[in-house]
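Okay, so here's the structure we're looking at.
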Amino acid sequence: MKKYFLTPLVAIALLSTGCSSEEVTDKVQQKKLSEELAVSKKNAAEVEKLNELYKETPDERILENNGANSPLYRELKERYKTHLLKLKQQVEATGAKFVVVIISPEVGANISLLTRYGHPYIKTACNEIGAEVYDLSPVIAAQKPEKITQVPRDGHWSKDGAIFLANQLEPIIKKYISHKSTVTYTSAERPETFGDLAPNTEEILDGGKDLPYKVVANAQGLRMDHDLKFPKTKQHILFLGGSQFYSPFLDNEFISTSVLAKRYPDIEMINAGMWAGCTDDFISLWEEKAKYSEPDVVLLQTNGTDITDLFFTNRNHLSRSKKPYLPSPIEEKYFMETYRK
Amino acid sequence: MLFNTLQFAYFFAVILVLYWAVWKWRNIQNLVLLAANFYFYNKLHYTFPLYLIGMITTGYCFATFINSQNNPARRKAILVAGICILGFGLTYIKYSGLILGSITGMAQWQASALGILVPLGISYYTFASIGYITDVYRRKTPLEKNFITYASYISFFPHLLSGPIPSSVNILPQFSKANFPTLAQIEHSVGEILWGLFKKMVIAAHVEKVVGYCYASYEDQNGSTLFLGILLFNLYLYADFSAYSDIARGVGRLLGIELAQNFKMPFFSRNPGEFWRRWHTSLRRWMLDYLYIPLGGNKGSTAMYIFSLLFIFTFSGLWHGANMTFICWGLLNGLYFIPYILTGTLTRYKDVVAKGRLFPSLKELLQMSLTFFLMTLTRIFFRAPNMTVAKGIAMRIFSSSIIAAPIALVVKSVAICIPMIAFEWIQREKLFVLQISRKHMAVRIAGYIVVVILIYLLHKKQNMSEYYYFKF
């Protein structure tokens with residue numbers, strides 16, 4: 001008779017033990033989550049406050065009136081170089097190859113100040129930090145805009161442009177075809193997504209330009225039609241960059257990484273391009289998500305815009321991390337002189 | 001200020017209160033209305049009210065002038081002059097850019113040759129003005145001497161941008177008497193507005209981009225995807241345009257003005273004739289009254305009858321835009337009528353299909369399917385930006401790739417539209433789906449709440465696109 005009483009008691013005790021250990025884990029996780037939530041709420045409030053105080057984002061205006069020699073641009077360049085170095089160190093710490101590719105959508109003779117002053121500096125900065133750099137902008141500038149871009153509606157790649165870009169990237173890919181990274185992650189370490197797109201989605205977007213295109217995101221939030229498998233059996237090349245890799249206004253199958261994937265079926269071309277991103281965003285994406293895709297080669301797409309995009313108001317308005325960026329004294333001075341006179 | 005925005009809700013709430021606060025004084029009500037109309041129009045662009053003032057003044061002056069004459073020849077001459085001036089204004093402002101665009105190859109439907117912005121709704125209020133002066137000439141409608149009343153009628157904000165094109169015979173007199181809506185009418189309006197919002201914010205908003213994608217990427221799509229794409233456009237256009245008309249009617253009724261019903265469940269038509277008696281009926285009525293009947297209508301020989309119809313449809317195409325695609329769209333619609341005219345079956349179906357039954361007969365189903373298919377085909381031309389695209393889409397649809405699997409997104413989008421069609425089928429004997437005023441109070445309230453919840457849960461966020469017919 002006793003055992004009939006004891007059995008459920010033992011079962012209850014065991015269940016409650018299990019529950020309590022789960023509860024402890026849950027509580028720790030909940031605490032962590034609520035702390036994170038509190039921080040993000042605080043950050044959001046602070047960002048909102050800053051955005052109200054500092055509304056304007058100057059972009060190319062920074063370079064007008066001999067702005068290229070200004071202390072502000074020097075500061076932004078230094079910040080940019082620090083980002084490049086940080087990213088390079090983090091990528092190389094995984095044993096992956098870090099390659100910088102300067103890709104600017106500017107075609108023809110109308111080269112912007114961002115390109116004119118930005119690109120020489122990017123090459124200098126890369127040389128200083130010892131990063132390999134390829135400047136594709138001269139060859140892009142020599143193309144016909146109506147062929148490789150979607151002008152007059154938009155300056156991003158057309159289908160022909162994506163093929164053209166793939167052709168330009170191909171020699172770089174070939175050069176590192178046998179490069180392997182040294183770091184692997186366990187499934188517990190890997191986050192759910194490696195990119196910022198909503199996972200497992202297929203939708204039509206048009207960016208307000210009446211140029212509808214189909215975006216397919218895989219389960220890992222990357223602009224790819226299939227999921228990455230682990231442990232990996234193929235070389236992984238990560239395309240980290242802005243809209244030049246993301247390729248708005250083109251279906252997945254026509255973007256440059258898909259063109260390359262068809263040419264190299266034994267390589268995973270991982271597209272983590274983000275529209276309106278800059279080095280600050282690339283670092284945060286790399287740290288939080290992209291590095292867990294275990295890339296062997298990282299192609300970082302950058303251009304002159306990435307330097308001026310580091311101005312604090314731009315960051316507060318557009319950064320993916322959503323953390324507040326306070327102005328440096330130089331930035332504050334520039335802002336007040338430009339917008340509050 | 002779109003109907004499906006909070007901005008409009010606030011605006012309308014204020015107007016409603018002000019309007020009914022002065023319900024004893026009709027003239028003051030019309031003044032409130034006029035101010036609201038111009039505020040509403042001015043929100044789109046500050047230049048738009050100028051055109052509206054021009055059209056209103058021209059229409060008013062010509063109508064007064066016609067009415068002051070007794071000599072038939074003089075009356076006619078003044079009418080012709082009035083139509084020419086109003087028509088020239090519309091043609092120049094709306095079509096000069098299109099004509100120039102088709103010559104230069106630049107798409108610029110939104111700008112005239114002068115580079116000025118084409119005012120939204122200009123076709124609608126020009127047609128309303130032409131209709132009014134013609135009705136005064138025909139003595140079908142008495143002259144409206146009160147300028148404020150007349151101006152309120154032409155510029156009435158619910159029908160200003162996309163109709164229904166008002167008939168001076170039925171609508172104008174309503175601006176001269178106080179029409180306090182009854183509770184039943186208020187409920188009717190709420191139901192109509194809710195169903196309109198559902199069609200715009202849930203159905204049209206979800207499928208709009210997919211439609212655009214199919215037309216824009218036609219070179220990369222197979223025949224079945226493109227066929228579903230044009231079918232989807234047909235459904236989208238209905239959801240979008242009829243939504244505007246429903247909301248306009250609901251809003252109008254709350255202000256005591258009963259506007260014409262523009263759509264009468266057109267997808268359940270058994271031939272093209274019936275379809276056009278159920279689709280954009282206010283434009284059809286305008287065409288009949290002011291073009292078709294003056295041309296002789298169906299009184300002459302069969303050949304003349306067919307010619308008149310083809311002319312009307314071509315004109316209707318041109319009303320939509322000075323583009324070869326619209327002319328083809330109009331002509332194709334006209335050509336559909338010919339076999340039915342020759343067999344004497346064009347005007348056969350006047351009552352609702354399968355009345356009193358849940359399901360149609362096989363014959364009715366086939367007739368409805370054929371009509372829907374024929375109308376869907378016309379949408380190739382209606383949405384394509386030029387003939388090259390229209391031809392490309394048609395070539396792909398009528399190719400072997402019609403049997404290939406369509407892309408999933410298009411199938412999913414068509415599926416989104418099915419509940420709308422299903423509800424409309426069930427309620428096809430009513431004016432609109434939420435006309436449930438004869439049901440028990442609990443059923444009605446539950447019905448309205450369900451639709452509100454559906455709109456809230458399913459509406460497409462960040463979608464504030466204009467109504468498709470604004471551009472016409």
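Chain letters run A, B, ... following the sequence lines, proteins first, then strands; residues in each count from 1.
- At most 12 non-hydrogen atoms from other residues, nucleotides or ligands lie less than 6.0 angstrom from CD of E48(A).
- D281(A) meets the salt bridge (charged side-chain N to carboxylate O under 4.0 Å, His left out) test with R315(A); sequence neighbours excluded.
- Contacts between residues 381-406 of chain B and chain A, defined by a heavy-atom separation under 4.5 Å, are made by no residue at all.
- The choice from D251(A), D210(A), L211(A) that makes the most heavy-atom pairs within less than 4.5 Å of chain B is D251(A).
- Put simply, the side chain of K214(A) reaches to within 4.5 Å of the side chain of I407(B), judged on heavy atoms.
- Along residues 211-219 of chain B, the residues that come nearer than 4.5 angstrom to chain A, judged on non-hydrogen atoms, are G212(B), Y213(B), A216(B) in order of number.
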Using the side-chain contact (heavy atoms from CB on, under 4.5 Å) rule, take D220(B) and K159(A) through it: C-alpha gap first, then chi angles, then the decisive distance, then the call.
CA-CA 11 Å; D220(B) 306 320; K159(A) 283 184 208 167; 2.7 Å; yes
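- The neighbour count for F423(B) CZ, taken as heavy atoms of other residues, nucleotides or ligands under 6.0 Å away, does not exceed 12.
- Within 6.0 Å of the NZ atom in K234(A), the count of heavy atoms belonging to other residues, nucleotides or ligands exceeds 12.
- Counting heavy-atom neighbours within 6.0 Å of Y10(B) OH, excluding the residue itself, gives a total of 12 or less.
- Looking at every heavy atom in both residues, K209(B) comes nearest to P212(A) through O-CB, 4.2 Å.
- The salt bridge (charged side-chain N to carboxylate O under 4.0 Å, His left out) test applied to E170(A) returns R263(A), not counting sequence neighbours.
- For F254(A), the part lying near chain B is the side chain, with the backbone staying farther off; criterion is any non-hydrogen pair under 4.5 Å.
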